[in-house]
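Each residue takes its place number in the sequence, starting with 1. Just so it is clear, the structure is predicted and the values come from calculations on it, not from any experiment. These values consider heavy atoms only, across backbone and side chains, with no hydrogens, waters or symmetry-generated copies.
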Amino acid sequence: MIKIETALDILKKDDLFREIIDQGHYHYNYSEVVFDSISYDSRKVKEGTLFFAKGVAFKKEYLLSAITQGLSWYVAEKDYEVGIPVIIVNDIKKAMSLIAMEFYGNPQDKLKLLAFTGTKGKTTAAYFAYNILAQGHHPAMLSTMNTTLDGKTFFKSALTTPESIDLFDMMAQAVKNGRTHLIMEVSSQAYLVKRVYGLTFDVGVFLNITPDHIGPIEHPSFEDYFYHKRLLMKNSRAVVINSDMDHFSVLKEQVEDQEHDFYGGQSSNQIKNSKAFSFSATGKLAGDYDIQLIGHFNQENAVAAGLACLRLGASLEDIKKGIAATRVPGRMEVLTQKNGAKVFVDYAHNGDSLKKLISVVETHQTGKISLVLGSTGNKGESRRKDFGLLLNQHPEIQVFLTADDPNYEDPMAIAEEISSYISHPVEKIADREQAIKAAMAITNQELDAVIIAGKGADCYQIVQGKKEDYSGDATIAERYL
C-alpha cells in the first residue's frame, strides 16, 4: 500500500511533481487517499489502484475503460479530462519507477544487486554468476532466457529488463522467497525508457560494445546507444569492465574514481592456456578452471562474472564450481549427427557475435560448414548489412538464409537484403525448419559442422506482431540428427 501523501513527497523530492487536477468534481482530504495496487495496464485496475498512463501509444479510451472497473486516480504527463483526479508529472517513467520502489517496500535495499550490460554475452554472464552465487548464497535471476525468483521455478521474461513496476514486484517476491542476491541483465533500452530509474547496483559489469539496436524504434545513433549502456556504470557502486572492448578508454576515464576491476589484455586479470573446455586465469582469479561452453568469449564472460561475484561474497572455490556447472540453453549448445558432424545452436544475432561464433566453430571443425541465419524484422536493420559483409568474407560456408522473427516484414525480402552484400551463391528458404533440415543434409563426416544462429532457445517466431509457436532450433535439429 502507499498513501498519496507519500507518493507526492517522492515525486516532489525528485522534482517530478507538477500539480493535481481534479476538475472540481472531487473534494478530497488527500491524507485519507491510499492505494493498494499500482498498474500501467488498464486491463488490470480495480478500485484502489493508482494507474500510470505511459507510452506514446497510450489512448484516452484506456482510461475510460479503467474507470468502469473502479479507477479513481491516475498519474500522467497531461490531463486526459476523464472526470477523475490526475497527478501531473514531468516524466511518467521516472515517476512510475520511484513510486514502484516505495510501493513494494524498497526490496532493492534487501538484496545484493549485480547487473550485466553489453551488446552480447549478458545472458551467458548472468548464468555464470547465478551458478557461482548458488554455491554459497541464494540468488534470484532476471534473464532473457530464464528468470527465477526462488531458485526452483524458471520462466521466460517478455523483456530483457522488465518494466519498473514488474521489476520491483519481482524483487519483492525474491526477498519474500529468501533470496540474498539478484542478478539482472540491463539493456540500453532499460535506461532509454527509464525502467531502472533510481536504482543503484552493487556491481555493474560492462562486457563489450558493438553497433546494434540502432533504428527508428530503438537508438538513433551509436553514440546514444553507448551513452545509455554507460549509465549502468554511473549507477553502480563498483564496476567490472572488459579492457579489450572497443572504446575502453572512455569507460576507463569514467570509472577512475569508482571501485573497479578490469579484465583482459590491459589488466592483470587475464586468461591464459585457453583450451576448448578449460582455461587458466591470472590476477584476482588466479587458478585453473573447467568450462562447458567453448569459445574464448565465453571464458571472458566467466571471468567477468567471477570478478563481480568475488565482490559479492563468493569464494574462489565457489567461482570454480559455478563456472564448471554452467550451461545455457541456446548458447553454444552442441549436438552430434549420426555421421559425426557437429551442430552448433547459438543465439548469435548480430555481426560481431556471428563472427566470433564462426571463428570458434572453424577452430574445432575443419570440414564443410553450413550456416542457417535470418535477421529480425522491424528492428536492428543494420545487422543485415553486417551479416552480408561478414559472410561475403566466408565463401567456404554454405549459407541458408531464412526467417528469424520477421514481424511485419517479408522474411524473403530480409534474406534478399542480406544476400545483396554477398557475391557467392546462397540458399534462401523461408521456412526455418526446412532451412535447418537442408543445412544438416549436406554434412557427411565428423569434421563437418552446421551453425544455426539467431534464435537460440526461443520457442516462437514473431510474425505480424504476434508470437507464433516454434519448436526451437535445438529441438528441430534433433529431429534430423
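Contacts of Glu253 classified as side chain to side chain contact (heavy atoms under 4.5 Å, CB included), with partners at least two apart in sequence or in another chain: none. For Arg179, there are no salt bridge (Lys or Arg N to Asp or Glu O under 4.0 Å) partners at least two apart in sequence or on another chain. Partners of Thr376 according to the side chain to side chain contact (heavy atoms under 4.5 Å, CB included) rule, which considers only residues two or more places apart in sequence or in another chain, are Lys379, Arg383, Asp404, Asp405. In this structure Lys355 satisfies the salt bridge (Lys or Arg N to Asp or Glu O under 4.0 Å) test with no other residue, sequence neighbours excluded. When the salt bridge (Lys or Arg N to Asp or Glu O under 4.0 Å) test is applied to Lys385, no partner is found at least two apart in sequence or on another chain. Every residue meeting the side chain to side chain contact (heavy atoms under 4.5 Å, CB included) condition with Ala134, not counting sequence neighbours, appears here in chain and number order: Pro139. Contacts of Asp288 classified as salt bridge (Lys or Arg N to Asp or Glu O under 4.0 Å), with partners at least two apart in sequence or in another chain: none. When the ring pair (Phe, Tyr, Trp, His ring centres under 6.0 Å) test is applied to His296, no partner is found at least two apart in sequence or on another chain. Residues that satisfy the side chain to side chain contact (heavy atoms under 4.5 Å, CB included) test with Thr160, not counting sequence neighbours, are Lys122, Thr144, Glu185, Ser187. Taking Glu300 as the reference, nothing meets the side-chain hydrogen bond (donor to acceptor under 3.5 Å, both in side chains) condition, with sequence neighbours excluded.
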Evaluate side-chain contact (heavy atoms from CB on, under 4.5 Å) for Lys94 paired with Lys194, printing each intermediate quantity in order.
-> CA-CA 6 Å; Lys94 289 181 179 179; Lys194 306 172 184 107; 3.6 Å; yes
Determine, step by step, whether Asp36 and Lys46 satisfy the side-chain contact (heavy atoms from CB on, under 4.5 Å) criterion, reporting the C-alpha distance in whole Å, the side-chain angles of both residues, the deciding distance to 0.1 Å, and the verdict.
-> CA-CA 10 Å; Asp36 58 17; Lys46 55 184 173 39; 3.4 Å; yes
Could you go through the side-chain contact (heavy atoms from CB on, under 4.5 Å) check for Trp73 and Phe35 one step at a time?
-> CA-CA 9 Å; Trp73 278 84; Phe35 303 105; 3.5 Å; yes
List the steps and the verdict of side-chain hydrogen bond (donor to acceptor under 3.5 Å, both in side chains) for Ser97 and Arg195.
-> CA-CA 7 Å; Ser97 187; Arg195 290 181 195 141; over 6 Å; no
Full working for side-chain contact (heavy atoms from CB on, under 4.5 Å) between Thr6 and Asp9 | CA-CA 5 Å; Thr6 304; Asp9 286 345; 5.6 Å; no
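Although no hydrogens or angles enter the test, the distance criterion places no donor-acceptor pair under 3.5 Å between the side chain of Asp166 and the main chain of Pro162. A distance-only check finds no donor-acceptor pair linking the side chain of Asp458 to the backbone of Tyr460 [under 3.5 Å]. Put simply, the side chain of Ser243 gets close to the backbone of Tyr263: a donor and an acceptor are under 3.5 Å apart. With Thr148 contributing its side chain and Thr153 its backbone, the two residues share a donor-acceptor pair below 3.5 Å. Panel note: side chain Glu256, backbone Lys252; no donor-acceptor pair is recorded below 3.5 Å. Proximity of a side-chain donor or acceptor of Glu333 to a complementary backbone N or O of Gly330 within less than 3.5 Å is detected. Judged purely by atom type and a 3.5 angstrom limit, Thr119 uses its side chain to pair as donor or acceptor with the backbone of Thr210. Judged by distance alone, the side chain of Gln258 and the main-chain N or O of Ser236 form a donor-acceptor pair under 3.5 Å. The closest donor-acceptor contact from the side chain of His181 to the backbone of Leu312 lies under 3.5 Å. Of the possible donor and acceptor atoms, none in the side chain of Gln461 sits under 3.5 Å from a partner among the backbone N and O of Glu468.
The shortest distance between side-chain heavy atoms of Asp346 and Ile451 does not fall below 4.5 Å. A 4.5 Å side-chain heavy-atom check between Met171 and Tyr104 finds every atom pair outside the cut-off. Counting only heavy atoms from C-beta outward, the side chains of Thr68 and Leu64 never approach each other to under 4.5 Å. The closest side-chain heavy-atom distance from Tyr191 to Tyr197 is not below 4.5 Å. By the 4.5 Å heavy-atom criterion applied to side chains, Met96 and Ile165 are counted as neighbours. Side chains of Arg384 and Ile414 form a contact here, defined as non-hydrogen atoms less than 4.5 Å apart.
With hydrogens and angles left out, the side-chain atoms of Asp318 and Ser315 include a donor and acceptor closer than 3.5 Å. Remark: the Gln189 side chain and the Thr161 side chain contain no N/O donor-acceptor pair separated by less than 3.5 Å. Tyr127 and Asn146 share a side-chain donor-acceptor pair at under 3.5 Å. Residues Lys229 and Thr117 have side chains that bring a donor and an acceptor to within less than 3.5 angstrom of each other. Inspection of the Arg237 and Thr200 side chains reveals no N or O donor paired with an N or O acceptor under 3.5 Å. Between the side chains of Ser65 and Ser42, no donor-acceptor pair is found at a separation under 3.5 Å. For the residue pair Gln108 / Asn106, a side-chain donor-acceptor distance below 3.5 Å is found, with atom types taken as modelled.
In this structure, Lys3 does not pair ionically with Glu32, as no charged nitrogen and carboxylate oxygen lie closer than 4.0 Å. With respect to Glu77 and Lys93, no salt bridge is recorded, no charged nitrogen being found less than 4.0 Å from a carboxylate O. Classification of Asp473 and Arg432 as a salt-bridged pair holds, one side-chain N sitting under 4.0 Å from a carboxylate O.
Residue pairs meeting the salt bridge (Lys or Arg N to Asp or Glu O under 4.0 Å) criterion with at least one partner in residues 99-113, sequence neighbours excluded, do not occur; the list is empty. Pairs of residues two or more places apart, or lying in two chains, never qualify as salt bridge (Lys or Arg N to Asp or Glu O under 4.0 Å) while including a residue from residues 58-73.
Crowding of Gln69 atom CD: a count of heavy atoms from other residues, nucleotides or ligands under 6.0 Å exceeding 12.
We find the CZ-CG distance between Phe116 and Leu207 to be 6.5 Å, quoted to the nearest 0.5 Å. Here the CD-NZ distance, from Gln464 to Lys466, works out to 9.5 Å after rounding to the nearest 0.5 Å. Taken from NE2 in His349 to CZ in Phe387, the straight-line distance is 8.0 Å, to the nearest 0.5 Å. Here CG of Asp14 is found 10.0 Å from CG of Asn90. Values are rounded to the nearest 0.5 Å. Distance check, rounded to the nearest 0.5 Å: CG of Asp244 to CG of Asn208 gives 11.0 Å. Here the NE2-CG distance, from His138 to Asn177, works out to 12.0 Å after rounding to the nearest 0.5 Å.
With ring centers used as reference points, Phe58 lies under 6.0 Å from Tyr80. When ring centroids are compared, Phe279 and Tyr289 come within the 6.0 Å threshold.
Aromatic ring orientation, His247 versus Phe226: tilted (interplanar angle from 30° to 60°).
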